[in-house]
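Accompanying notes for the structure given below.
We use all heavy atoms of the structure for the numbers below, so side chains are in, but hydrogens, waters and symmetry mates are not.
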Amino acid sequence: MQRFTATIASIVMLLGVANYAAAKGGLPPVQPAGGCAKAINLTASPAGVLIAASGKARVRASLNAGFLTQDFVVEMAAVVPDGTTFMVFANGLPAGTITMVLGHGRLAVANAPPPNVLPAGTDPVCSIGPVVVTDGGGNTILSGTF
């Protein structure tokens, strides 16, 4: 019985240390089996700095009952009028548009639930490299690479 109690106590202590380290950023994020989970901050170009643009992008893919669920999200903030639109490119191909409301906008694309299909350049999401956000004139506003 003492051995069982000592084993349980050791497991609880190890889990506590692992949780503490994860909370402090000491352990790398766990990648989903068969997928990925990555996020980046986007960098403003000189044109982006003029409108105080900032943003981030995220990709996630995981197996769910044999189906690879994938999503790609780009969020941005900028000092622009409501209704201003920006184009998002992933791997050099158009992924969608962001329409600004109250200084914020978001593009979210996913392949779930089926039969949703991801835009060209975003499938598979784990293979997305460069992400570029441009204004209506084709000027780069934000960019980054996974």
Which pair of heavy atoms, one from [X] and one from [Y], lies closest together, and at what distance?
X	Y	result
P119	P94	CB-O, 4.1 Å
C126	A61	SG-CB, 3.7 Å
R106	A108	NH1-CB, 3.7 Å
T145	P130	OG1-CA, 3.9 Å

Nearest-0.5 Å distance that lies between atom [atom1] in [X] and atom [atom2] in [Y]:
X	Y	atom1	atom2	result
D82	M100	CG	CE	9.0 Å
I141	S45	CD1	OG	5.0 Å
I98	M76	CD1	CE	6.0 Å
H104	S54	NE2	OG	8.0 Å
N111	F67	CG	CZ	4.0 Å
S143	L42	OG	CG	7.0 Å

R58 and D71: CA distance, side-chain angles, deciding distance, side-chain contact (heavy atoms from CB on, under 4.5 Å) verdict: CA-CA 8 Å; R58 163 180 71 71; D71 66 73; 2.5 Å; yes
Qualifying residues under side chain to side chain donor-acceptor pair (under 3.5 Å), relative to N139, sequence neighbours excluded: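 Residues passing side chain to side chain donor-acceptor pair (under 3.5 Å) with N139: D135.
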Sequence-distant partners of D123, side chain to side chain donor-acceptor pair (under 3.5 Å), two or more places apart: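 D123 satisfies side chain to side chain donor-acceptor pair (under 3.5 Å) with Q70 once adjacent residues are dropped.
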Flag, side chain of T122 to backbone of V125, donor-acceptor distance under 3.5 Å: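 Answer holds: no.
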N91 side chain vs G121 backbone, donor-acceptor pair below 3.5 Å: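 The answer is yes, because a donor-acceptor pair under 3.5 Å joins these two groups.
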Same apolar cluster (I L V M F W Y, side chains within < 4.5 Å links), L118/V73: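 No, because L118 and V73 fall into different hydrophobic clusters, even though each may have its own neighbours under 4.5 Å.
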Verify same cluster id: V59, L68 (apolar side-chain graph, 4.5 Å):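 Per the 4.5 Å side-chain linkage, V59 and L68 are not co-clustered.
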With T134 via side chain to side chain contact (heavy atoms under 4.5 Å, CB included) - residues at least two apart: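 T134 satisfies side chain to side chain contact (heavy atoms under 4.5 Å, CB included) with M87, F89, V132, T140 only.
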Full working for side-chain contact (heavy atoms from CB on, under 4.5 Å) between V88 and F72: CA-CA 11 Å; V88 177; F72 171 57; 4.2 Å; yes
